[in-house]
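Reviewing the structure listed below.
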Number of protein chains: 2
Amino acid sequence: MSLREEILEASKDILIKDGFGKMSMRRIARRADVTATSIYLYFKNKDDLLLTLIQESIDDLKAALEDVIDPSKDFIQQLEDMARVYIRFALNHPKEYEIIYMVRPEEMPKYPREKFNEVRSAYELLADIIDRGRKENLIEVDDPLISAYTIWAQIHGVVSVIINKRLDTRIPYDKFIDQAVDHIIKGFIIHKTPA
Amino acid sequence: MSLREEILEASKDILIKDGFGKMSMRRIARRADVTATSIYLYFKNKDDLLLTLIQESIDDLKAALEDVIDPSKDFIQQLEDMARVYIRFALNHPKEYEIIYMVRPEEMPKYPREKFNEVRSAYELLADIIDRGRKENLIEVDDPLISAYTIWAQIHGVVSVIINKRLDTRIPYDKFIDQAVDHIIKGFIIHKTPA
DNA sequence: ACTGTTTACTTAACAGTGTTAACCTATGTT
DNA sequence: AACATAGGTTAACACTGTTAAGTAAACAGT
């Protein structure tokens, strides 16, 4: 394993085990058994390292979503599958998911917007499915991209509430998730009422 | 104005103008024209100061929501009003809104969970309205609290996507918001189909 | 075999961070 | 006059991200 990979490994390990706040260059270096300055040989700065980590997480999430795509399936079932895989990924890899949305673009002006736009490719998976539903005349939709973002925003909200532990402790996760997924999908397909 | 208030004022000013990352104790102190250590006379530590700031933002948000409550209004209209006021508050005070959800409970173990639970009182406003809809037999709902959280999570998702600049630049905010609010409310009331 | 260059890394340092202990000084109390 | 308290300060500790300069090994050319 190259040093670059070892640094990434160490960073991820610290992120998951010790949390974002403890993820300092020196601590990463210590775990990778080098000095902190060596990290700068492979990454421009901490933001760069972070962005690489983010990109890896995005790739993982995207792979999980691609895995669940099955054109033979019912359109609505397909939507629900994607929603549930997304939520499951986020809850199973909370730190990886968090890091994707933790870093704020305006606080990293050194980096090109394109990097962030790569996240978008994940939504395009969803937009494609929605477009399929439109072509099959199952739903009425203005713009599949807007719809994809709308759905995704809603799901992200559900996930983020759970991960950030903002949910009332009296509410069980699964019941909350079930109801949310149900609402999100119904709110979306209601636009085309069956004749 | 007491020094405590001046510190809070300076903190908020820095948060809004310079961003969260620049909000250091020494910078706050400089702006409030004292030394950094003086802050510790009024706040236990930085987290405590932050929590106070959060609480103030929550109070503002709650006040905005309470303002829009009008029992004489149509139930669905009432829901939509609340959603839109919530979104407008968040977009008009992005830094204040952000800070509410930025601080992670697990990273502030020094503080009692109760403090975070105070945020909940805002949802209870929503839960009350939902309960009203149930009593008037306009909707069918298992648990008003779960429903309140479900709706709120979805709205939070919409807001957070915009604030964190994660929305595709081709999508106009207002169109996105309109569609999202529409979906969220429809997905919620669909459970009770009119006879 | 002796140079020169590149690669991979380290040491030392700078300016900044949150936080604490110790100190000072003016005010009010007995 | 002696003491206590309130409201600050200075100095320091252990940390942070980051850079400039130095080092030591590997490689290339003559």
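Below, chains carry the letters A, B, ... as their sequence lines are ordered, and counting in each starts from 1.
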Between C1' on D:dT18 and OH on A:Y42, what's the gap in Å once rounded to a whole number? 18 Å

Which whole-number value in Å describes the distance from B:E6 CD to D:dG7 C1'? 14 Å

Flag side-chain contact, heavy atom, 4.5 Å: B:V159 against B:I177: no

Do A:D60 and A:E96 have side-chain heavy atoms sitting under 4.5 Å apart? no

Taking CD1 from B:I14 and P from C:dT17, how many angstroms apart are they, rounded to a whole number? 10 Å

What is the distance, rounded to the nearest whole Å, between atom NZ of B:K46 and atom P of C:dT17? 9 Å

Residues in side-chain hydrogen bond (donor to acceptor under 3.5 Å, both in side chains) contact with B:S160, at least two apart in sequence or another chain: A:H156

Over how many whole Å does the gap from B:L49 atom CG to C:dT17 atom C1' extend? 15 Å

Starting at CG of B:L50 and ending at P of C:dT17, how long is that distance when rounded to a whole Å? 15 Å

Just to be sure I understand the rule, does B:F43 reach a base, reach only the sugar-phosphate, or reach nothing, if contact means heavy atoms closer than 4.0 Å? nothing

Test item: B:M25 and B:Y40 side chains (from C-beta on) under 4.5 Å apart, heavy atoms: yes

Side chain of A:N45 (C-beta onward), nearest among D:dG7, C:dC9, D:dT18: D:dT18

Short N-O contact, B:R132 and B:D128, less than 4.0 angstrom: no

Among residues at least two apart in sequence or on other chains, which ones pass side chain to side chain contact (heavy atoms under 4.5 Å, CB included) with B:D59? B:Q55

Sorted by chain and number, sequence neighbours left out, side-chain hydrogen bond (donor to acceptor under 3.5 Å, both in side chains) with A:R31 holds for A:D13, A:D18

Return the value, rounded to whole Å, for the distance between atom CG of A:L3 and atom P of C:dT7. 16 Å

May I have the list of side-chain donor-acceptor pairs in residues 79-86 of chain A shorter than 3.5 Å, sequence neighbours left out?
residue : atom : partner : partner atom : Å
A:E80   : OE2  : A:R84   : NE           : 3.1
A:D81   : OD1  : A:Q77   : NE2          : 3.0
A:D81   : OD2  : A:K73   : NZ           : 2.8
A:R84   : NH1  : A:D178  : OD1          : 3.2
A:R84   : NH2  : A:D178  : OD1          : 3.0
A:Y86   : OH   : A:Y97   : OH           : 2.8
A:Y86   : OH   : A:Y101  : OH           : 3.4
A:Y86   : OH   : A:W152  : NE1          : 2.9

Produce the list of close N/O pairs, under 3.5 Å, pairing protein atoms with atoms of nucleotides 10-12 of chain C; give distances to one decimal.
residue : atom : partner : partner atom : Å
C:dT10  : OP2  : A:T35   : N            : 3.1
C:dT10  : OP2  : A:T35   : OG1          : 2.4
C:dT10  : OP2  : A:S38   : OG           : 2.5
C:dT11  : O4   : A:T37   : OG1          : 3.4

Is A:S57 close to A:H93 at the side-chain level, that is, under 4.5 Å between some pair of heavy atoms? no

Looking at DNA chain C, which of residues 23-31 of chain B put a heavy atom within less than 4.0 Å of it? B:M23, B:S24, B:M25, B:R26

In whole angstrom, give the distance that lies between atom NZ of A:K22 and atom C1' of C:dG18. 12 Å

